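Below: one structure, written as structure tokens.
Everything numeric in this text was worked out from a predicted model, so none of it was measured. Proteins get letters first, then strands, A, B, ... in listed order; numbering begins at 1 in each.
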Amino acid sequence: MFKDIMKFIEVNLPVLIKILGFPGLTFILIFLIFAVWYQRKYLARLMTRMGPVHAGKVLGWLQLIADALKLLTKEIIIPRESMRKIFVLSAGTLSVIPATAITLIPFAKDFAIFPIRGYTLPLFLAIMTLYPIFVVLMGWAANNKFTIIGAFRSIYLDVAGEIPLILSTIGVMIWAGTYDIQDIIEAQKSIWFVFPQLLGFIVFLVSFMAMIEKVPFDIPEAEAELVFGYKTEFSGALFLDSMLGDYVNLLAWSLLMITLYFGGYLGPSITGDPIIDGSIWTLIKLVIVVTMTFTIMISYARLRIDQAIRVGWNYLIPLAILNIILTIFVKYVILGGG
Amino acid sequence: MRDMMSYRYHPFNEIVELEGGLFQLNMGPQHPISGQGRFIVITDGEIVYSIEMDIGYSHRGIEKILEYRNLMQGIVPIERMVMLDTSNIAMGYVLAVEKLYGVDVPPRAQYIRTIIMELNRIISHLYALGLYSESAGWNPAIFLWTTADREPILDILEMITGARWSYSFFIPGGVRADLPRGVKERILTTLDYLENRIRVYEDSWIYNETFRMRTEGMGVLPRSKAIEWGAAGPNLRVSGVPYDTRKNEPYAAYDELDFKIVTHTAGDSYYRGWARVEEIKVSIDIIRQAIENIPEGRIRVALPPKPVQEEALARVETGRGELNVYMYTEGRDKPYRVKISPPSFRNFYVIEQLPKIQTIRLADVPPLIYSFDPWFLDADR
Amino acid sequence: MTKKNFVSRIVTPFFVVLKHVVNQPVTHKYPFERLKGFSRTRGLITLDMDACIGCGACGWICPDHAIEMKIVESSKVTHPAIDFLKCSFCGMCVEICPRNALDMHPIVEIAGTEYKNLVYYPEKLRQAPNLKELLPMLKYELEPVITPSKMSYIRKKVG
């Protein structure tokens, strides 16, 4: 039995390294730590103050570990009238969906965890559509009237945000002429798609902020009558779980943005090895996109739910459809197809 | 609605279900957005039917304390009444005592008082802008910028008076000390810095599309209702009533300075925020004029031994509106009764009456309340 | 930049916020950095026992009733004891003293662990003969501002 396990590991070693190490589980957890630290320091800098400086001299990185340890030692309170098993299990399921979708994205040429070719972009979008189901599950399991209202508001927002997002990716797919993520990246060798698809990028950016639920679309988190929307009743380690889900969602959509519009892993070579090069460029672009997200997060006020839905249906969807029409026109009529 | 009166005796749960599908929310003293007060909001989930303010959490009995203090000693407790705007309120008390004794304050003291009061007005408006933007759902960027911008002004005030907010500087008969050497250049540098920062606030806060979407057209206070319900301060002026105590009954060198009142005709929450930024600009203008034209002379006169009248009424314009101080002494050195009528108390009445003439949604309640700049310490005394 | 333009109303806040990255943070790491004060900052009150005549005017004028006159063995008159838990540092006692025996210094770190340590009996209020001796207690860096008026709280010690 032990020999069988050893043989299994030996045969599948590269895939196991990819799943458990980079760009898999370890990368996601390190990204969580980095994103929380970066958010606290960078946002503090924009507000003309410093973030945590005391724990872990100068950079304050030990502060996160201290906060995580504090959360782990707090008591987990499960409301009496909730559905207990689903309540405990649903806290962590939110992070499974985006993590599954991340396996499809190549960090360097032929270096995705799941290196299939074919229809990976629609598959990615289809996996991410399952996210609202688990939001409702979290809100429902707590059996609190106001968390359910918060969860439903999150679904209104998700619907109003996801449709323009998918429509703008259709524009990219038409322009590149392929469904495969790696082919889309390779087709950006001459010019990044953010320039010919500028209208689509703007639509994608606004609906991206709606999908990851940050200001100005912060609505389910801070505006429901109770304090925290559908994540209210989780405390202690379960709160860490729901925070993990939030940041993995951010990671998945940011990776999609950089593959579709900013050229993925392409870039001038630093070291000779293509895998390390691609990974370095992906990480640099990821940090820039996360910085831009945080700056947008702090510059605007929070919209009401009806205003946010109005933005989605009245402005974003027509613009996305206009983008598709313009793309078809330019590519097939002016540039002669291909 | 009569059976809804029983909610007052209900224990402090966060949400109470009433009949007819209505809920009562207690945005209580432990809430991320309330100050030191409680808002009782009756709603059906989307539209608000009534807002009621429950104040009294920070009542300290200032009016009673003043009955046990000398007319000179009284300047110390009264500036603990409102901690942001202290010199305007101290001015009200000092003005009332000077009317009792019939003294003529030397002009240099009046100019120094004007400078300090206008600096206080800038501080108070900056803080109000920060709280307003935080209640509209910003990550506290604007709040922290305005709090950081108050630091140079607090440094100037510490240079002149010796403390950051509890100045004890205005005394019946004048001011306690003269301006130190080197403060004029410092004030002018700080005013230039503030003008740059006002431009930053305009670009990123007032002319911000999401902020306009959130507050424009919400909570409109019509002109007739503003006069009937007794709004105070910039809330009144934005509804089309050009009433400012600094122009109507000038005190302390305001009659020699040239400034304009900020008015507007739309009475909604967006313009209440706009008006405060414009008033900061007007205050900067006033301070520049006062610093240039300050006369030489004494800064303090002695009070005569016996008062001339027995009662006096003084009106001043604080950052929130007009404040009245009525003092009745029976000819002795401790007052028999001091009555202070603060502006925030009157603004709370306006907030309570607004849901009756307008539809207000639940999500709009925090920006609406904070656009009136309520300061619970002011209302509770 | 035109502010009435719809596009600039959405885009301008982003760049205005982004420009704040280069601003200096205003955080003051207090116990590890010294505070900044001014020479007029109102703080600790000290007493010159030789000049004090025991008239009690400081106790009469104090708005917080924080001064009590106490008997001291080595002297013929009573001297004030200040309760710093009640004192609001207004400086009226310093102004009214007819012999200028009380003096105010910009020392604001007057904390203690027991109540009775904060009631400064007259011996404890003794004035240091020299401002330089107070410097180890002085966590403030003073800004040199000279006041020309007679009614100031601080008398600069030359020495």
Side-chain angles (χ1 to χ4, degrees), chain B residues 65-66 68-70 72-80 138-139 141-142 144-145 147-152 155-164 166-169 171 174-183 186 199-213 298-300, chain C residues 1-20 23-28 35-43 60-66 87-96 104-106 108 140 142-154:
Chain B
I65 287 179
L66 284 174
Y68 293 97
R69 301 280 188 271
N70 224 337
M72 279 283 185
Q73 291 170 332
I75 63 174
V76 174
I78 197 162
E79 61 190 12
R80 269 94 178 139
W138 231 287
N139 250 317
I142 307 287
L144 289 174
W145 291 348
T147 314
D149 282 340
R150 293 169 68 215
E151 291 295 316
D155 277 347
I156 294 179
L157 286 166
E158 195 175 356
M159 246 169 98
I160 303 179
T161 65
R164 280 159 68 98
S166 61
Y167 311 124
S168 324
F169 197 63
I171 208 166
V175 290
R176 273 171 96 181
D178 207 343
L179 294 176
R181 205 187 299 165
V183 76
R186 191 148 177 161
R199 241 172 279 146
V200 165
Y201 291 132
E202 280 185 345
D203 279 341
S204 70
W205 186 70
I206 294 208
Y207 295 112
N208 189 334
E209 184 64 28
T210 55
F211 188 68
R212 276 175 90 107
M213 276 168 79
R298 310 185 55 179
I299 54 169
R300 191 167 174 179
Chain C
M1 48 195 108
T2 59
K3 299 179 174 99
K4 308 298 180 191
N5 193 354
F6 175 77
V7 172
S8 87
R9 282 210 302 262
I10 296 186
V11 172
T12 322
F14 178 78
F15 290 107
V16 168
V17 169
L18 200 55
K19 241 181 1 157
H20 275 78
N23 283 1
Q24 280 282 340
V26 293
T27 318
H28 202 89
L35 282 180
K36 192 164 64 78
F38 299 92
S39 50
R40 266 197 200 179
T41 306
R42 303 199 293 253
W60 176 77
I61 192 121
C62 179
D64 308 302
H65 310 300
C87 175
S88 59
F89 300 95
C90 60
M92 288 195 183
C93 52
V94 177
E95 262 185 61
I96 204 175
M104 210 157 195
H105 303 282
V108 291
Y140 266 13
L142 294 182
E143 292 224 355
V145 171
I146 306 177
T147 73
S149 157
K150 255 195 305 190
M151 305 279 264
S152 63
Y153 318 121
I154 298 288

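I75(B) touches chain C through its side chain: at least one heavy atom from C-beta onward sits under 4.5 Å away, while N, CA, C and O do not. If you measure heavy-atom distances from V76(B) to chain C, the contacts under 4.5 Å come from the side chain alone. There is no contact between R164(B) and chain C, counting heavy-atom distances below 4.5 Å. Neither the backbone nor the side chain of W205(B) comes within contact range of chain C; no heavy atoms are under 4.5 Å apart. If you measure heavy-atom distances from N208(B) to chain C, the contacts under 4.5 Å come from both the backbone and the side chain.
Every residue meeting the side chain to side chain donor-acceptor pair (under 3.5 Å) condition with D155(B), not counting sequence neighbours, appears here in chain and number order: K36(C).
Options I61(C), I10(C), V17(C) differ in how many heavy-atom pairs under 4.5 Å they form with chain B, and the most are formed by I61(C). Contact tally against chain B (heavy-atom pairs below 4.5 Å) for S88(C), P13(C), P63(C): the top residue is P63(C).
For the pair M104(C)/E95(C), no side-chain contact is recorded, criterion being any heavy-atom separation below 4.5 Å from C-beta on. Inter-residue side-chain proximity for E158(B) and T41(C) is flagged as met; some heavy-atom pair is nearer than 4.5 Å.
Between H20(C) and W145(B), the ring planes are parallel. Angles under 30° get that label, and only those over 60° would be called perpendicular.
With hydrogens and angles left out, the side-chain atoms of T12(C) and D203(B) include no donor and acceptor closer than 3.5 Å.
Nearest approach of I142(B) to S204(B), heavy atoms of both residues: CD1-OG, 4.1 Å.
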